[in-house]
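Keep in mind that the numbers below use all heavy atoms, side chains included, and drop hydrogens, waters and symmetry copies. Residues: numbered from 1 along the sequence shown.
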Amino acid sequence: MSNDVPTQIFNGYNCDLGQLQKSVAIHFVGKGFFITNFHKATLYVVQAYKNFLGNRAIICQIVGTPEKFDVTIGIGDKISNINTLPTITKISFGTRMQLDDPLIERNLFSFMSTQAELNRNTFGVFTPTISTVSPVQVVKEREIVREIEVIYCRYCGAKNNARLSNCSTCNAALH
């Protein structure tokens, strides 16, 4: 990784990094990106891509523990699994213009700071449970939040992005 790739350190948050990764993924989906999430041990990666980027993707990498973690934002080749670590470089001016966001890193770090603050002291609080409520008892199945379609899991009731096929909390099929 190059030294000029923007990185921000978050210390003392005790943040649920899985929830933070989901928030970043939903943020990118809301901006019209396709996303792929990866997680292995203390590494969380969100790669967001659009067709015009070709084989490249905007990569948001979260590394560390809930108490202290680093967030790196840049661009790199798309990866197909977590065993191939992404090579992240600084986002070029041309790519920024194609994305219509010349301040993409600053905006993403601002978003990450807000999400980290919102998720402060949440590590260990969210425990996935599978409810015994039958699917026909669910009253609310879908809603649109800031033009992002949300599907409620019929088993645990968790909110999920409509583009997901399985619940991010209990892994049940959403469709």
Minimum-distance pair of heavy atoms, taken over all atoms of G54 and K78:
O-CE, 3.3 Å
Using only atom types and a distance under 3.5 Å, with no angle test, would you say the side chain of Q21 pairs donor to acceptor with the backbone of V45?
yes
Quick check on side chain to side chain contact (heavy atoms under 4.5 Å, CB included): which of I62, V63, L17 does L43 satisfy it with?
V63
Contact check, side chains of Y44 and F69, non-hydrogen atoms, under 4.5 Å
no
Distance, nearest 0.5 Å, that separates OG1 of T36 from CZ of F28:
11.5 Å
V29 reachable from I73 in the ILVMFWY side-chain graph, under 4.5 Å edges:
yes
Has T89 got a side-chain atom pairing as donor or acceptor with I75's backbone, closer than 3.5 angstrom?
yes
Please examine the side chains of I104 and F109, heavy atoms only from C-beta on, and report whether any two atoms are closer than 4.5 Å.
no
Quick one, P6 and T72 - any side-chain contact, counting heavy atoms below 4.5 Å?
no
Step through the shown structure and confirm whether more than 12 heavy atoms of other residues, nucleotides or ligands are within 6.0 Å of CZ on R106.
no
Taking C-beta and beyond as the side chain, do I88 and Q61 meet within less than 4.5 Å on heavy atoms?
yes
Any idea which heavy atoms bring D4 and K90 closest together, and the distance?
O-CD, 3.7 Å
I'd like to know if E105 and R96 make a salt bridge, using a cut-off of under 4.0 Å between side-chain N and carboxylate O.
yes
Side chains of S168 and N160: any donor to acceptor distance under 3.5 Å?
yes
Are I58 and L99 side-chain neighbours, meaning at least one heavy-atom pair lies under 4.5 Å?
yes
Could you identify which residues cluster with F93, counting Ile, Leu, Val, Met, Phe, Trp and Tyr as linked when any side-chain heavy atoms lie under 4.5 Å apart, either directly or through a chain of such contacts?
M97
Which pair of heavy atoms, one from C170 and one from Y155, lies closest together, and at what distance?
SG-CB, 4.4 Å
Any donor and acceptor pair, going by atom type alone, linking the side chain of Q8 with main-chain N or O of D70 inside 3.5 Å?
no
same_hphob_cluster(I35, F52) at 4.5 Å side-chain heavy-atom cutoff:
yes
So T95 and S92, side-chain hydrogen bond (donor to acceptor under 3.5 Å, both in side chains) or not? Walk me through it.
CA-CA 5 Å; T95 303; S92 70; 2.9 Å; yes
Measuring only between side-chain heavy atoms, which start at C-beta, is K22 closer than 4.5 Å to T169?
yes
State which residues pass salt bridge (charged side-chain N to carboxylate O under 4.0 Å, His left out) with E67; sequence neighbours excluded, sorted by chain then number.
none
Using a 4.5 Å cut-off on heavy atoms from C-beta on, say whether the side chain of D77 contacts that of R56.
yes
Is F34 isolated, or which residues cluster with it under the ILVMFWY side-chain rule of less than 4.5 Å, directly or via members?
Y49
Say whether, by atom type as modelled, one donor and one acceptor occur between the side chain of S23 and the main chain of Q19 under 3.5 angstrom.
yes
Indicate the atoms forming the closest heavy-atom contact of L20 with A116, along with that distance.
CD1-N, 3.9 Å
One pair to check against side-chain contact (heavy atoms from CB on, under 4.5 Å): C60 and V71. What are the steps and the verdict?
CA-CA 7 Å; C60 179; V71 177; 4.0 Å; yes
What about M112 and I26, same hydrophobic cluster or not, with Ile/Leu/Val/Met/Phe/Trp/Tyr joined at side-chain heavy-atom distances under 4.5 Å?
no
Out of curiosity, Q98 CD to L53 CG, how far, rounded to the nearest 0.5 Å?
6.5 Å
Check for me, please, whether L108 and F33 land in the same ILVMFWY cluster - side-chain distances under 4.5 Å, paths through other members count.
yes
Distance in Å, Y13 OH paired with S113 OG, rounded so as to fall on 0.5 Å steps:
6.0 Å
Min side-chain heavy-atom separation S165-L174 under 4.5 Å
no
